[in-house]
Amino acid sequence: MNLIIKFVGILIFFINGFLLFSIFGKIFRKLEKLFLGFLLYSAIFTFTFFFFNLYLNTKYSICSGFLIHLSYTVIFLLTNSIVYFKRKVYKEEKPEKSFLPSFKPWELILIICISVYVLIPIVKGFLNPISSWDALVLYDFYGKVFANEGIMNSTLKYGYYNAYPFYVHLMHTWAYLLGFETPLFTHGLMYGCFIGAIWVFLYRSFSSSIGKWLGIIALLGIGSLYSHATEGYNNLAPTFFLSLAFLMAYRWWEEKDYKFLILSASFGAANLWCRSGEPWYLSLLIAYILGVFKVKNISLLKRIVIIFTSIIILFSTKTAWEYSLSNWEKLLTNKQKIENVKKENPNKNDNNNSINTTKKDSILKRLTNSILAPFGTLKYFTPERIIKYVPIAIPFAFKATVYSRWMYFLIFILAFMLFLIDKEIRENPSLWLVAFFFIVNTLIIFVGTYIFIQNFRDWNIPGSAYRMSIFLEPLSIIFAILVGKKVEKRYFSNEEV
């Protein structure tokens with residue numbers, strides 16, 4: 001019986017994820033729906049789990065978790081039925097794409113080898129406990145405590161660094177509730193689903209076998225992703241979510257389908273549900289606003305409404321998290337219980353990073369602050385500060401961002417040069433968008449380092465900057481893949497670029 005519960009507890013992520021992506025129609029292959037669905041639904045589930053616990057006093061338990069899963073199953077089934085009926089009535093239904101394409105014998109051998117490679121961190125995750133110190137202290141500790149206690153009051157006693165919302169913690173909580181000894185396998189599943197989703201996208205994008213497999217082998221070669229799949233840190237999931245948010249934004253511009261915009265915003269929100277402090281969302285926000293003038297296949301009013309909705313989706317998790325922090329003590333317990341906790345632990349850290357010291361604020365103000373936050377950094381850009389700190393910041397940021405992953409910057413530069421050489425490919429605005437994501441977010445790291453060293457001079461800036469910017473590695477590969485796709489269509493097929 002326990003084995004069945006464990007199996008169903010994992011399988012439900014794939015089922016509900018598949019149903020979720022089925023709502024968007026035939027823009028994805030079935031395998032894409034499975035892989036992408038697992039990733040996005042895991043963020044939806046953990047956020048709902050958190051919301052119900054904090055605002056509806058629903059304890060973390062296997063019953064409440066399965067109730068949430070079942071509720072989403074019903075919602076997605078009903079929505080799919082409505083969408084299917086609408087497509088039938090308006091004759092919008094397209095032929096179903098095959099579940100699996102046909103493969104050559106050597107491709108089947110390659111698939112087996114890649115599958116074994118991807119399965120290794122998943123299998124290790126079922127067998128090995130989390131052993132990395134930061135992963136244990138920052139994420140797994142509370143994942144285990146939440147599963148044991150069913151509530152989050154322990155955060156009041158021990159404090160918590162509020163830049164990391166509870167996505168990873170609650171994935172661990174769910175694994176412990178299912179009866180697993182270790183939740184490390186969830187990170188392996190994330191890795192496998194991301195690789196699988198990109199592979200399906202590649203396979204249906206390229207006509208040549210070289211293009212189909214070269215990209216996925218390059219992605220598999222990113223050692224930082226593979227190592228994090230067996231460590232349990234909060235770096236893997238936000239990297240995947242952010243990379244997919246960028247890819248969906250590209251597909252929105254390229255394919256002129258606003259469903260991709262909604263999905264881009266959803267993956268962006270999932271990224272902020274993992275790490276709410278980094279401002280990578282700014283590049284997505286700019287892309288969405290520019291899209292009003294670029295993707296014009298629907299009326300201006302509809303465009304504005306959908307983009308406004310997407311911006312709300314993008315900031316939903318960040319705003320909810322920060323609003324919750326501002327009312328944390330009030331939401332978790334009453335003042336008398338807080339005093340008891342303080343008496344038990346009088347020496348607890350009360351610095352501004354503690355989860356229980358954030359000032360109260362309104363949801364609207366939190367949303368506004370999230371959007372306008374970059375303007376609050378202007379005070380750091382006085383002539384005196386620039387002269388003093390820029391010479392320090394540039395080497396720090398260069399070491400963490402460029403030198404430490406020089407190969408991926410070289411890949412991006414070579415792909416960008418190839419992109420610029422051909423006039424017809426160069427005029428593709430969708431590729432400019434992906435290049436924009438890479439360049440702007442690289443600059444944000446440099447600017448962020450410049451600001452950071454003025455506030456935290458003793459912090460390990462290169463190490464932190466490297467870990468938070470791992471997404472640049474898959475993004476460089478994705479950009480090279482997309483350029484290669486255009487080059488193939490331009491010179492080796494009869495399709496238009």
Requested in this report: Taking atom OH of Y117 as the centre, report whether more than 12 heavy atoms of other residues, nucleotides or ligands fall under 6.0 Å from it.
Outcome: yes
Query raised in the report: Is any side-chain N of the basic residue among R204 and E32 closer than 4.0 Å to the acidic one's carboxylate O?
Result: yes
Query - Pair Y60 + F49: ring centers closer than 6.0 Å - result: yes
Report task. Compare every heavy atom of M190 with every heavy atom of A237, then report the nearest pair and how far apart it is. Result -> CB-SD, 3.8 Å
Query raised in the report: Should F52 and L56 count as side-chain neighbours, where that means a heavy-atom distance under 4.5 Å?
Result: yes
Requested in this report: Determine whether the aromatic ring centres of F241 and Y167 lie less than 6.0 Å apart.
Outcome: yes
**Report entry** Inter-residue atom distance L19.CG - L77.CG, 0.5 Å rounding
**Finding:** 5.0 Å
Query raised in the report: Is the number of heavy atoms from other residues, nucleotides or ligands within 6.0 Å of CD (E149) greater than 12?
Result: yes
Query raised in the report: Have N16 and Y72 got a donor and an acceptor in their side chains that come within less than 3.5 Å?
Result: no
Report task. Output yes when a side-chain donor or acceptor of T182 lies under 3.5 Å from a complementary backbone atom of L184, and no otherwise. Result -> yes
Query raised in the report: At what distance, to the nearest 0.5 angstrom, does CZ of F146 lie from CD1 of I151?
Result: 10.0 Å
**Report entry** Backbone of S61 reached by a side-chain donor or acceptor of S64 within 3.5 Å
**Finding:** yes
Query raised in the report: Within the distance-only criterion (no hydrogens, no angle test), does the side chain of S132 pair as donor or acceptor with the backbone N or O of A135 below 3.5 angstrom?
Result: no
Report summary line: Between A400 and Y466 the two heavy atoms that sit nearest each other are O-CD1, 3.5 Å
Report task. Determine the minimum heavy-atom distance between L54 and W328, stating which atoms define it. Result -> CD2-CZ3, 3.8 Å
Query raised in the report: Should K318 and R275 count as side-chain neighbours, where that means a heavy-atom distance under 4.5 Å?
Result: no
Query raised in the report: Taking the six-membered ring where the residue is Trp, are the ring centres of Y139 and Y233 under 6.0 Å apart?
Result: no
Query raised in the report: Yes or no on ring pair (Phe, Tyr, Trp, His ring centres under 6.0 Å) for F240 and F267, after CA distance, side-chain angles and deciding distance?
Result: CA-CA 9 Å; F240 294 156; F267 278 114; over 10 Å; no
Query raised in the report: Do the ring planes of F166 and F50 sit parallel (below 30°), tilted (30 to 60°) or perpendicular (above 60°)?
Result: perpendicular
Query raised in the report: Any side-chain donor-acceptor pair under 3.5 Å between E322 and S276?
Result: no
**Report entry** Student check: side-chain heavy atoms of L242 and F246 closer than 4.5 Å
**Finding:** yes
Report task. Identify the heavy atoms of L170 and T46 that sit nearest to each other, and give their distance. Result -> CD1-O, 3.2 Å
Query raised in the report: Would you call the rings of F180 and F185 parallel, tilted or perpendicular, where under 30° means parallel and over 60° means perpendicular?
Result: tilted
Report task. Kindly determine whether T73 and I12 satisfy side chain to side chain contact (heavy atoms under 4.5 Å, CB included), including the steps that lead there. Result -> CA-CA 9 Å; T73 304; I12 194 67; 3.9 Å; yes
Query raised in the report: When you look at F438 and F479, which way does the ring pair (Phe, Tyr, Trp, His ring centres under 6.0 Å) test go after all the steps?
Result: CA-CA 9 Å; F438 189 93; F479 179 71; 7.8 Å; no
Query raised in the report: Does NZ belonging to K256 count more than 12 external heavy atoms closer than 6.0 Å?
Result: yes
Query raised in the report: Should N234 and P238 count as side-chain neighbours, where that means a heavy-atom distance under 4.5 Å?
Result: yes
Query raised in the report: Can you find a heavy atom in the side chain of R405 that is under 4.5 Å from one in the side chain of S469?
Result: yes
Query raised in the report: Do R251 and S430 pass the side-chain hydrogen bond (donor to acceptor under 3.5 Å, both in side chains) test, and can you show the C-alpha distance, the side-chain angles, and the key distance before you say yes or no?
Result: CA-CA 8 Å; R251 294 189 68 177; S430 305; over 6 Å; no
Query - Which atom of N53 lies closest to which atom of G150, heavy atoms considered - result: ND2-O, 2.9 Å
**Report entry** Closest heavy-atom pair and its distance - L314, T317
**Finding:** O-OG1, 4.5 Å
Query - Interatomic distance, Y164 atom OH to Y142 atom OH [nearest 0.5 angstrom] - result: 14.5 Å
Query raised in the report: Do the rings of F24 and F21 sit parallel, tilted or perpendicular, given the 30° and 60° boundaries?
Result: tilted
Query raised in the report: Has the side chain of N80 got a donor or acceptor atom that lies under 3.5 Å from a matching backbone atom of I23?
Result: yes
Report task. Run the numbers on R29 and Y203 for side chain to side chain contact (heavy atoms under 4.5 Å, CB included), then give the verdict. Result -> CA-CA 11 Å; R29 295 284 180 93; Y203 206 88; over 6 Å; no
Requested in this report: In sequence, state the C-alpha distance, the side-chain angles, and the governing distance for N148 and Y176, and then conclude on side chain to side chain contact (heavy atoms under 4.5 Å, CB included).
Outcome: CA-CA 9 Å; N148 289 339; Y176 285 127; over 6 Å; no
Query - Heavy-atom side-chain proximity of P474 to L219 below 4.5 angstrom - result: yes
**Report entry** Worked verdict on F28 versus L263 for side chain to side chain contact (heavy atoms under 4.5 Å, CB included)
**Finding:** CA-CA 12 Å; F28 296 105; L263 288 171; 3.4 Å; yes
Query raised in the report: Does the ring centre of W174 sit less than 6.0 Å away from the ring centre of F66?
Result: yes
Query raised in the report: Does the side chain of L247 reach to within under 4.5 Å of the side chain of I198, using non-hydrogen atoms?
Result: yes
Report task. Answer yes or no: does atom NZ of K6 have more than 12 heavy-atom neighbours from other residues, nucleotides or ligands under 6.0 Å? Result -> yes
**Report entry** L189 side, atom CG; S42 side, atom OG - distance, nearest 0.5 Å
**Finding:** 10.0 Å
Query raised in the report: If we ignore angles and hydrogens, is there a donor and acceptor under 3.5 Å between the side chains of Y55 and S324?
Result: yes
Report summary line: d(S283 OG, L443 CG) to nearest 0.5 Å is 11.0 Å
Query - side-chain hydrogen bond (donor to acceptor under 3.5 Å, both in side chains) between S264 and Y250, intermediate numbers included - result: CA-CA 9 Å; S264 175; Y250 161 82; over 6 Å; no
**Report entry** Plane angle bin for H69 and F45 - parallel if under 30°, tilted between 30 and 60°, otherwise perpendicular
**Finding:** parallel
Report task. Kindly indicate whether the side chain of R303, heavy atoms from C-beta on, has any atom under 4.5 Å from the side chain of V295. Result -> no
Query raised in the report: Out of curiosity, L332 CG to N327 CG, how far, rounded to the nearest 0.5 Å?
Result: 10.5 Å
